[in-house]
Amino acid sequence: QITNRKHNMSTISLYETILVISTAAVFFVYHMHLYVKVHRAPLTTTIGITNHARHMWVEGIIRDKRDILAVQTLRNQVMAATFLASTAILISLGSFSAAFRTGVFMEVSHALNLLGTKTETLWMFKLMLLGILFFIAFFNFTLCIRYYNHVGFMINAFQPTDATVSKEAVTQVLNHGALHYTIGMRGFYLSVPLALWLFGPIWMLAGSMVLVAVLYRLDREA
């Protein structure tokens with residue numbers, strides 16, 4: 001009887017391993033595809049289009065000397081990134097706190113877990129992984145704020161003879177900030193299937209498939 005129980009546990013662990021690896025493969029393959037598209041045909045993706053739009057925005061701000069518009073636009077972006085960074089760090093700390101508190105929620109998640117391993121250790125690991133994900137999102141949003149603050153100074157100190165504050169340099173810093181904002185948002189998106197993993201790997205895989213389908217639509221040229 002004990003041997004059969006160990007065999008069942010190992011079978012369930014194998015199912016969970018396969019489903020988790022499948023979920024990771026789905027995200028990896030999709031984002032590799034997106035990476036190739038952005039570098040080879042950027043104007044067929046929203047990331048490439050917005051990068052180009054930011055380049056045109058910098059040129060227009062510098063050409064027409066619309067300093068107030070630049071400050072207002074950057075302020076809006078900084079406020080959005082600040083709000084998301086605050087949200088991410090709060091959720092991260094909440095996840096770490098919940099990882100060391102067992103209760104009704106763990107019982108409900110285990111009841112919905114059809115093929116996954118139902119152990120307290122793995123449940124704590126899932127919550128800690130979720131907290132780490134939001135911490136990474138927080139870090140990227142703070143870097144986004146940093147780059148946008150640099151742009152606020154650089155765009156108003158434009159000198160055609162100074163390469164450090166040229167149009168290309170300002171655009172590059174602005175796009176760096178936007179890239180970290182995008183990575184932070186991807187962290188929020190990825191938290192959906194990761195949170196579903198608390199209820200079992202089947203829910204995680206299903207959530208990842210739906211999320212990738214939505215991202216594919218959003219990342220394509222409108």
Side-chain angles (χ1 to χ4, degrees), residues 23-24 27-28 30-32 34-35 38 42 45-55 57-58 61 67-101 105 123-157 164-165 169-198 204 207-208 210-212 214-219:
T23 300
F27 278 104
F28 178 78
Y30 172 73
H31 283 93
M32 284 301 298
L34 180 62
Y35 178 83
V38 169
T45 65
T46 54
I47 295 177
I49 292 173
T50 52
N51 285 342
H52 178 69
R54 280 187 288 270
H55 176 72
W57 179 79
V58 169
I61 291 295
D67 300 337
I68 296 178
L69 176 61
V71 171
Q72 289 177 339
T73 303
L74 292 172
R75 180 196 61 188
N76 293 338
Q77 295 296 314
V78 169
M79 289 176 62
T82 302
F83 172 77
L84 291 170
S86 302
T87 303
I89 195 64
L90 287 175
I91 296 177
S92 177
L93 295 175
S95 298
F96 287 136
S97 177
F100 298 99
R101 294 182 180 179
F105 179 71
W123 190 78
M124 292 173 61
F125 172 76
K126 294 174 184 179
L127 281 174
M128 293 184 69
L129 193 61
L130 191 62
I132 292 172
L133 176 65
F134 277 107
F135 181 78
I136 294 173
F138 164 78
F139 182 73
N140 277 281
F141 283 124
T142 55
L143 285 178
C144 169
I145 296 170
R146 175 178 179 269
Y147 280 116
Y148 283 157
N149 285 332
H150 289 340
V151 172
F153 287 100
M154 294 173 67
I155 201 168
N156 290 314
T164 60
V165 289
V170 175
T171 302
Q172 184 179 17
V173 174
L174 183 61
N175 283 337
H176 278 317
L179 176 61
H180 285 289
Y181 188 94
T182 300
I183 295 174
M185 288 303 301
R186 297 283 158 156
F188 271 81
Y189 298 152
L190 184 58
S191 69
V192 175
L194 198 56
L196 289 175
W197 190 19
L198 293 170
M204 180 186 188
S208 66
V210 173
L211 179 59
V212 166
V214 173
L215 290 177
Y216 179 76
R217 179 66 182 88
L218 295 176
D219 288 332

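Not measured: the values here are computed from a predicted model. Below, each value reflects all heavy atoms present in this structure, side chains not excepted, and no hydrogens, waters or symmetry copies.
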Distance col, row Phe138:CZ vs Ile91:CD1, nearest 0.5 angstrom, shows 13.0 Å
Donor-acceptor side-chain pairing of Asn149 and Arg146 below 3.5 angstrom: no
Does atom CZ (Phe135) have a neighbourhood of more than 12 heavy atoms from anything else shown, all under 6.0 Å? no
Please determine whether side-chain contact (heavy atoms from CB on, under 4.5 Å) holds for the pair Tyr148 and Arg75, giving the CA-CA distance in whole Å, both sets of side-chain angles, and the decisive distance to 0.1 Å. CA-CA 9 Å; Tyr148 283 157; Arg75 180 196 61 188; over 6 Å; no
Any heavy-atom pair between the side chains of Met32 and Phe28 that's under 4.5 Å? yes
Is there side-chain contact between Pro42 and Ile47, with heavy atoms separated by less than 4.5 Å? no
As a quick check of understanding, evaluate side-chain contact (heavy atoms from CB on, under 4.5 Å) for Trp57 and Ile155, giving each step before the final call. CA-CA 11 Å; Trp57 179 79; Ile155 201 168; 3.9 Å; yes
Okay, side chain of Tyr30, backbone of Leu215: is any donor-acceptor separation there less than 3.5 Å? yes
On a heavy-atom basis, the closest approach of Leu211 and Pro193 is CD2-CD, 3.8 Å
Euclidean distance, Ser86 OG relative to Phe83 CZ, rounded to 0.5 Å: 8.0 Å
Within the supplied structure, the quantity of interest is the number of heavy atoms (other residues, nucleotides, ligands) at a distance under 6.0 Å from Phe139 CZ; does it exceed 12? no
Quick check: closest heavy atoms across Gly184 and Ala137, and the distance to 0.1 Å? O-CB, 3.8 Å
Test item: Met185 and Leu84 side chains (from C-beta on) under 4.5 Å apart, heavy atoms: yes
Can you confirm whether Gln72 sits close enough to Ile68 that some side-chain heavy atom of one is under 4.5 Å from a side-chain heavy atom of the other? yes
Looking at Ile89, is its backbone amide N or carbonyl O close enough to the side chain of Ser92 to form a donor-acceptor pair, meaning the two atoms are under 3.5 Å apart? no
Just verifying a value: how many Å separate Leu196 CG and Met204 CE, rounded to the nearest 0.5 Å? 9.0 Å
So does Ala85 get a backbone contact from the side chain of Thr142, meaning a donor-acceptor N/O pair under 3.5 Å? no
Donor-acceptor under 3.5 Å (Lys126 side chain, Leu194 main chain): no
Between Thr45 and Asp219, does the side-chain contact (heavy atoms from CB on, under 4.5 Å) criterion hold? Intermediate values first, please. CA-CA 6 Å; Thr45 65; Asp219 288 332; 5.6 Å; no
Ile145 side chain reached by Tyr181 side chain, heavy atoms, under 4.5 Å: no
Kindly indicate whether the side chain of Phe188, heavy atoms from C-beta on, has any atom under 4.5 Å from the side chain of Phe134. yes
Are Val173 and Met154 close enough, and set up right, to give a side-chain contact (heavy atoms from CB on, under 4.5 Å), and what steps lead you there? CA-CA 9 Å; Val173 174; Met154 294 173 67; 3.9 Å; yes
Separation between OG (Ser191) and CG (Leu129), nearest 0.5 Å, reads 11.5 Å
Taking C-beta and beyond as the side chain, do Leu74 and Leu174 meet within less than 4.5 Å on heavy atoms? yes
So OG1 of Thr171 and CG of Asn51: to nearest 0.5 Å the spacing works out to 10.0 Å
Might you point out which heavy atoms bring Cys144 and His180 nearest each other, and give the distance in Å? N-CB, 4.0 Å
When you compare the side chain of Asn156 with that of Val71, does any pair of heavy atoms fall below 4.5 Å? yes
Asn175 and Tyr147: side-chain donor and acceptor closer than 3.5 Å? no
Whether the side chain of His31 engages the backbone of Phe27 through a donor-acceptor N/O pair (distance < 3.5 Å, no angle test) should be reported. yes
Could you measure the distance from the CG atom of Leu179 to the CG atom of Asn140? Nearest 0.5 Å is fine. 8.0 Å
